[in-house]
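First up is the structure itself, then whatever we jot down about it.
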Amino acid sequence: VKSEGPKLVPFFKATCVYFVLWLPTSSPSWFSALIKCLPIFCLWVFLLAHGINFLVSHRSASRILAGLIFSAVGDAFLIWQEQGYFIHGLLMFGITHILYSSAFGMKPLDLKAGLLMGIVSSSCYAFLYSYLSGPFTYLVAVYIALIGFMGWRAMAGVQLCNDLWTWTKLSACVGAMLFMVSDLTIALNEFCFPVPYSRFIIMATYYAAQMLIALSAVETRDEEDFRKRS
């Protein structure tokens with residue numbers, strides 16, 4: 001916390017700016033897109049502050065950075081979702097989840113976590129299905145599969161029973177769960193029924209999720225430092 005906390009100060013400030021200004025979604029503009037994306041830009045800076053060599057030599061960290069870049073593009077598209085860019089935003093975040101899943105890796109496999117995430121994802125889609133129509137019937141299914149897979153890979157990294165977990169793996173897991181909460185709230189609000197305080201829930205969980213996933217990228221550096229001390 002002492003080493004990484006100061007690097008996150010710009011992110012916290014940018015997040016406060018977003019919630020203080022609370023720009024209306026009914027009048028999209030490039031300024032509102034900038035304010036919405038600013039916290040994600042700050043997470044780019046957070047990862048870049050660890051050094052280009054660190055990002056180049058550790059593929060998991062570089063993939064998380066790439067995921068944050070696609071997330072920012074997706075955020076910008078969603079500013080203009082009423083003008084027909086909702087699907088574009090969905091595509092950008094789908095790519096983000098693929099990159100995050102790749103960063104988290106396939107070891108350990110943990111089929112029990114995969115089964116649990118499969119049940120949760122299937123249940124969410126089953127609930128949404130009756131509200132969906134047209135291409136969203138298939139697009140939402142694919143998206144839920146992608147974010148569910150990402151959640152599985154993040155959850156699998158936390159081996160609490162075997163005492164093999166680290167704070168960065170736990171950070172990735174909690175971040176993935178918050179991302180799912182954020183996206184489920186979007187889906188309910190967009191396709192099913194108005195969710196009270198939806199915008200606050202969506203953005204608060206989303207920013208927290210992205211911060212925690214960005215923090216998980218420093219895992220490899222922690223391991224290197226531990227090996228050096230040993």
**Partners passing ring-ring contact (aromatic ring centres under 6.0 Å, His included) against Phe19 (at least two apart in sequence or in another chain)** = Trp22, Phe200
**Neighbour count above 12 (heavy atom, 6.0 Å) for Tyr197 OH** = no
**From CG (Leu184) to CZ (Phe127), nearest 0.5 Å** = 8.5 Å
**Message:** Which heavy atom of Ala72 sits nearest to which heavy atom of Cys37, and what is that distance?
**Reply:** O-SG, 3.3 Å
**Fill in**
Contacts of Phe104 meeting ring-ring contact (aromatic ring centres under 6.0 Å, His included) (sequence neighbours excluded), chain-then-number -> none
**Request:** Answer with yes or no after comparing the ring centroid distance for Tyr85 and Phe77 against a 6.0 Å cut-off, counting only values under it.
**Result:** yes
**Message:** If hydrophobic residues (ILVMFWY) are linked whenever their side-chain heavy atoms come closer than 4.5 Å, directly or via other members, who joins Val9 in its cluster?
**Reply:** none
**Prompt:** Leu47: what forms a side-chain contact (heavy atoms from CB on, under 4.5 Å) with it, not counting sequence neighbours?
**Reply:** Leu55, Ile64, Leu65, Leu68, Ala217
**Asked** Got a sec, which residues hit ring-ring contact (aromatic ring centres under 6.0 Å, His included) with Phe46, two or more places apart in sequence or on another chain?
**Response** His50
**Item:** Closest non-hydrogen atom pair between Ser121 and Met180, with its separation
**Value:** OG-CE, 4.4 Å
**Asked** Heavy atoms, side chains only, cut-off 4.5 Å: are His88 and Leu91 in contact?
**Response** no
**Item:** Met203/Thr15 under side chain to side chain contact (heavy atoms under 4.5 Å, CB included): CA gap, chis, key distance, verdict
**Value:** CA-CA 9 Å; Met203 297 310 299; Thr15 302; over 6 Å; no
**Item:** Gap separating the CZ atom of Phe11 from the CZ atom of Phe41, nearest 0.5 angstrom
**Value:** 13.5 Å
**Asked** Between Tyr18 and Tyr207, is the ring centre distance below 6.0 Å?
**Response** yes
**Item:** Modelled atom types, side-chain donor and acceptor of Ser29 and Ser32, under 3.5 Å
**Value:** yes
**Message:** For a quick test of reading the model, state the closest non-hydrogen atom pair linking Leu38 to Ala14 and the distance between them.
**Reply:** CG-CB, 3.8 Å
**Message:** My understanding is that only residues two or more places apart in sequence, or in another chain, count here; which of them pass side chain to side chain donor-acceptor pair (under 3.5 Å) with Tyr143?
**Reply:** His97, Asp183
**Request:** Take Leu34 and Trp30, measure what side chain to side chain contact (heavy atoms under 4.5 Å, CB included) needs, and give me the verdict at the end.
**Result:** CA-CA 6 Å; Leu34 173 63; Trp30 285 107; over 6 Å; no
**Min side-chain heavy-atom separation Leu116-Met155 under 4.5 Å** = yes
**Request:** Step by step, work out the side chain to side chain contact (heavy atoms under 4.5 Å, CB included) result for Phe86 and Phe136.
**Result:** CA-CA 10 Å; Phe86 183 81; Phe136 285 110; 3.5 Å; yes
**Request:** Compare every heavy atom of Gln83 with every heavy atom of Pro28, then report the nearest pair and how far apart it is.
**Result:** CG-OE1, 3.9 Å
**Request:** Kindly give the heavy-atom pair with the smallest separation between Ile87 and Leu139, and that separation in Å.
**Result:** CD1-CD1, 3.9 Å
**Message:** Please determine whether residues Ile40 and Ile69 belong to a single hydrophobic cluster, defined as Ile, Leu, Val, Met, Phe, Trp and Tyr linked transitively by side-chain heavy-atom distances below 4.5 Å.
**Reply:** yes
**Request:** Provide the closest heavy-atom pair for Ala156 versus Asp110 in the form atom of the first, atom of the second, distance.
**Result:** CB-CB, 3.7 Å
**Asked** Mind checking what makes side-chain contact (heavy atoms from CB on, under 4.5 Å) contact with Val17, not counting sequence neighbours?
**Response** Leu21, Ile35
**Which residues share a side-chain contact (heavy atoms from CB on, under 4.5 Å) with Ala145, sequence neighbours left out** = none
**Message:** For Arg63 and Ser102: C-alpha separation, side-chain torsions, deciding distance, then whether side-chain hydrogen bond (donor to acceptor under 3.5 Å, both in side chains) applies.
**Reply:** CA-CA 7 Å; Arg63 287 170 184 171; Ser102 178; 2.7 Å; yes
**Request:** Tell me, please, which residues at least two apart from Phe149 pass ring-ring contact (aromatic ring centres under 6.0 Å, His included).
**Result:** Trp152
**Fill in**
Residues joined to Leu146 in its hydrophobic cluster, side chain to side chain under 4.5 Å directly or through other members, sorted by chain and number, are Ile98, Val142
**Request:** Name all pairs fulfilling the side-chain hydrogen bond (donor to acceptor under 3.5 Å, both in side chains) condition that reach into residues 69-78, sequence neighbours left out, sorted by first residue then second.
**Result:** Ser71-Thr96, Ser71-Gln210, Asp75-Tyr206
**Request:** Using the test side-chain contact (heavy atoms from CB on, under 4.5 Å), find all partners of Ile119 that sit at least two apart in sequence or belong to another chain.
**Result:** Leu115, Ser123
